[in-house]
Amino acid sequence: MKLHHRHDWNLSPSEAVALQQELRSEVISDRPIDLDRIELVAGVDVSVKNEQSQAAIVVMTYPGFLPVETVLAQRPTPFPYVPGLLSFREGPVLEEAFEKLKTVPDVFLFDGMGIAHPRRIGIASHMGLWLQRPTVGCGKTLLCGRYKDLAEEKGSAAPLIDRKETIGVALRTRTAKNPMFISPGHLADIPTATELVLRCSPKYRLPEPIRLAHNAAGQFSP
DNA sequence: GCGACAG
DNA sequence: ATCTTGTCGC
C-alpha cells in the first residue's frame, strides 16, 4: 500500500513525546466512518519474541469476514515498551508490513489505542496519519481515562472520559466479558468506530480482523 | 511527591 | 507483550 512517510522512527523517548505533540493536531477524530460503504476491513497486530517483532495485517471482507490477504513483516524490536510511546516500538515493523499490502482496506482496526491516549495520539491515530485512511483503536486494557460501570450485555457501552474530555468508549463485545476500549484513530469518530467494532465482533471479544492478525503475528518462522 | 501505565 | 498445563464451563 502507498504510505505517506511522515518522519524517521529512531528517536529518543523525549523526542518521541515532542513529535507526538506536533502530530496530534493533524489527527481527525470527528469524522464519521461511512459504514454503508465498507467492503474490506483490516486487522493489525504485532507480536514480540526474542528481540524480534513480527507484524501481521489481515484483510477481510465485510460483513462476511472472509480473509482475502495476509501479510507479515519481521524486524528487530527497536524501542522499549514505554506506556504512551507504543507506536515507536511497533511503527517500524508495521511500516514494512503496510508496504507489502496489495489490497486497500476501507478501514484498519488496531490492537491499541487511538485518541484514548495521554496526548491523544495512540498507535491507531499515529499510523492513520501514515495511511491516510480511517483507523480505529481497540485496546484490551485501559491506558488513560475513566468510565462508569456498564451493563453485562453485549453491546453495552460507557463513555471513556479523561480530563473532562470524551476520548472513546468502554464497549462490551461479549456478554459478561471485560469490555474493549474503543477510540477513533484517524478519519473516524466515536459513534461509528464503536458501531463498526461491534459489527466486527460476531463471536469473540476481539474483533475478527484483529483476532486473526493476532494469531498470524504470533506465528514466528523457525 | 504519588499513583497509573496500550502492547 | 511474554513466561506456561491443566482445567472449569458453555
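Both backbone and side-chain heavy atoms feed into the values below; hydrogens, waters and symmetry mates do not. Throughout, protein chains are lettered first and strands after them, A, B, ... in sequence-line order, and every chain is numbered starting at 1.
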Using a cut-off of 4.0 Å on non-hydrogen atoms, how would the nucleic acid contact of [X] be classed: base, sugar-phosphate, or nothing?
{"X": "L85(A)", "value": "base"}
{"X": "G139(A)", "value": "sugar-phosphate"}
{"X": "G84(A)", "value": "base"}

>> With side chain to side chain contact (heavy atoms under 4.5 Å, CB included) as the test, pick out the partner of L85(A) among I123(A), L19(A), V17(A).
In response: V17(A)

Looking only at the side chain of [X] (C-beta and beyond, no hydrogens), which of the listed nucleotides [options] gets closest?
{"X": "T141(A)", "options": "dC3(C), dG7(B), dC5(B)", "result": "dG7(B)"}
{"X": "L143(A)", "options": "dT2(C), dG7(B), dA6(B)", "result": "dA6(B)"}
{"X": "P83(A)", "options": "dG7(B), dC5(B), dC3(C)", "result": "dC5(B)"}
{"X": "S47(A)", "options": "dA6(B), dG7(B), dA1(C)", "result": "dA1(C)"}

From [atom1] of [X] over to [atom2] of [N], roughly how many Å is that when rounded to an integer?
{"X": "M127(A)", "N": "dG7(B)", "atom1": "CE", "atom2": "C1'", "value": "15 Å"}
{"X": "F181(A)", "N": "dA6(B)", "atom1": "CZ", "atom2": "C1'", "value": "11 Å"}
{"X": "L109(A)", "N": "dG7(B)", "atom1": "CG", "atom2": "P", "value": "14 Å"}
{"X": "I210(A)", "N": "dA1(C)", "atom1": "CD1", "atom2": "P", "value": "12 Å"}
{"X": "R119(A)", "N": "dC5(B)", "atom1": "CZ", "atom2": "P", "value": "16 Å"}
{"X": "L142(A)", "N": "dG3(B)", "atom1": "CG", "atom2": "P", "value": "19 Å"}
{"X": "Y147(A)", "N": "dA6(B)", "atom1": "OH", "atom2": "P", "value": "13 Å"}
{"X": "N50(A)", "N": "dT2(C)", "atom1": "CG", "atom2": "C1'", "value": "10 Å"}

> For K140(A) and dG7(B), is the shortest distance between a side-chain N/O and OP1 or OP2 below 4.0 Å?
Replying inline: yes

> Any side-chain N or O of H214(A) under 4.0 Å from OP1/OP2 of dA1(C)?
Replying inline: yes

> Mind checking whether F108(A) and F110(A) have parallel, tilted or perpendicular rings, split at 30° and 60°?
Replying inline: tilted

> How are the rings of W9(A) and F88(A) set relative to one another: parallel (under 30°), tilted (30 to 60°) or perpendicular (over 60°)?
Replying inline: perpendicular

> Are the side chain of H4(A) and the backbone N or O of L131(A) linked by a donor-acceptor pair below 3.5 Å?
Replying inline: no

>> Taking K102(A) first and then E69(A), would you say they form a salt bridge - that is, a charged N and a carboxylate O separated by under 4.0 Å?
In response: no

> Does the side-chain ring of Y81(A) lie flat on the base of dA1(C), meaning centres under 5.5 Å and planes less than 30 degrees apart?
Replying inline: no

